[in-house]
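Working notes for the structure below.
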Amino acid sequence: EVIALALQPDGKLVLGGGGSFTPGGFTTIGGQTRNGIARLNADGSLDTAFNPDANGAVFALALQPDGKVVLGGQFTTLGGQARNRIARLGTPQAALQSLDFVFNENSGATVTWMRAGAGPELALPPNLLFSMDGSTYVSVAPMQRIAGGWRLTGLAPPANQNFFLRARGQVSSGAFNGSGGLVESTRQFFLLLPPDAVFANGFE
């Protein structure tokens with residue numbers, strides 16, 4: 001029985017379920033011993049480097065934005081170390097993201113939110129939000145999926161003043177993926193118009 005799933009931006013999938021002490025729980029994946037928790041590569045094969053080895057059921061999973069895995073269940077040990085019902089796993093894999101802004105005088109601005117590695121994948125397309133003061137934000141529009149991330153084109157930002165952009169998406173977690181959370185990236189930008197030719201050529 002697989003009870004919880006957590007998808008990473010790189011396509012890897014963390015599985016949680018009943019362990020060796022829970023009827024119906026999984027104890028092997030792809031012919032390899034995995035008690036209660038496992039991770040699959042993007043092609044569906046077993047990630048052999050990931051084996052926390054819970055001694056009881058894992059009912060809930062959540063991926064933090066930094067790639068760490070939080071789990072809850074009926075276990076009392078993970079990897080032979082005492083962890084009663086709740087634990088957090090570190091990972092050597094980085095959780096990468098970048099929020100970039102490119103302006104074109106003909107087509108407007110393009111905002112791109114790239115996400116890779118560990119961390120939570122989004123359950124729904126993210127929204128792009130705009131703010132002049134970094135405190136009060138208004139929704140612009142949903143971003144569109146591209147390879148490795150999300151993009152919105154045609155933004156018309158104000159010129160010659162600071163503004164903030166925030167990409168925010170919903171993630172699923174918990175038992176039976178019944179819980180949700182948010183992951184976001186925020187940056188401050190300044191659009192200089194008309195472009196300063198001297199500064200653009202690398203001179204102060």
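Small disclaimer: the values here were computed from a predicted structure and weren't measured.
- Going from atom CD of Glu184 over to atom CD of Gln97 covers 9.5 Å, rounded to the nearest 0.5 Å.
- In this structure a side-chain-to-backbone donor-acceptor pair under 3.5 Å is present from Ser131 to Thr136.
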Side chain to side chain contact (heavy atoms under 4.5 Å, CB included) between Val102 and Asn104, intermediate numbers included: CA-CA 7 Å; Val102 176; Asn104 182 289; 6.0 Å; no
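- Between the side chain of Arg34 and the backbone N or O of Phe50 there is at least one donor-acceptor pair closer than 3.5 Å.
- A perpendicular orientation is assigned to the rings of Phe164 and Tyr137, their planes being inclined by more than 60° (bins at 30° and 60°).
- Taking CG from Leu5 and CD from Glu121, the interatomic distance works out to 13.5 Å, rounded to the nearest 0.5 Å.
- Under a cutoff of 6.0 Å and an axis angle of 45°, Arg151 and Trp113 do not form a cation-pi pair.
- In this structure, Phe163 has its ring center closer than 6.0 angstrom to the ring center of Phe101.
- Without hydrogens or angle criteria, Arg83 side chain to Leu78 main chain gives no donor-acceptor distance under 3.5 Å.
- Pairing each heavy atom of Leu7 with each of Leu63, the nearest pair is O-CD1, 3.7 Å.
- Residues Met114 and Ile146 are in side-chain contact: their nearest non-hydrogen atoms beyond the backbone lie under 4.5 Å apart.
- Side chains of Leu152 and Met143 form a contact here, defined as non-hydrogen atoms less than 4.5 Å apart.
- Closest of all the heavy-atom pairs between Pro120 and Val171 is CB-CG1, 3.7 Å.
- For the atom pair CZ of Phe75 and CG of Asp53, the computed distance is 12.0 Å after rounding to the nearest 0.5 Å.
- Thr76 has its side chain within reach of Asn55: a pair of non-hydrogen atoms, C-beta onward, lies under 4.5 Å apart.
- Side chain of Asn41 to main chain of Asp43: no donor-acceptor pair is present (N/O by atom type, distance under 3.5 Å, no hydrogens or angles).
- Using a 4.5 Å cut-off on side-chain heavy atoms (C-beta onward), Leu71 and Leu89 make contact.
- Of the inter-residue distances, the one linking Leu46 atom CG with Ile29 atom CD1 reads 7.0 Å to the nearest 0.5 angstrom.
- Two residues are said to be in side-chain contact when any heavy atoms from C-beta on lie closer than 4.5 Å; Gln32 and Thr48 fail this criterion.
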Step-by-step side chain to side chain contact (heavy atoms under 4.5 Å, CB included) determination, Arg187 to Asp100: CA-CA 8 Å; Arg187 281 192 63 189; Asp100 295 312; 3.3 Å; yes
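- Distance check: Gln8 CD to Leu13 CG gives 8.5 Å after rounding to the nearest 0.5 Å.
- Residue Ile37 forms a side-chain contact (heavy atoms from CB on, under 4.5 Å) with just one option from Leu61, Asn51, Leu15, and that option is Leu61.
- Between Pro9 and Ala118, the closest heavy-atom pair is CD-O, 3.9 Å.
- Residues Trp150 and Leu122 are in side-chain contact: their nearest non-hydrogen atoms beyond the backbone lie under 4.5 Å apart.
- Nearest heavy atoms, Leu99 versus Phe189: O-CZ, 3.9 Å.
- Interatomic distance, CD of Gln93 versus CG of Asp47, reported as 8.0 Å (0.5 Å rounding).
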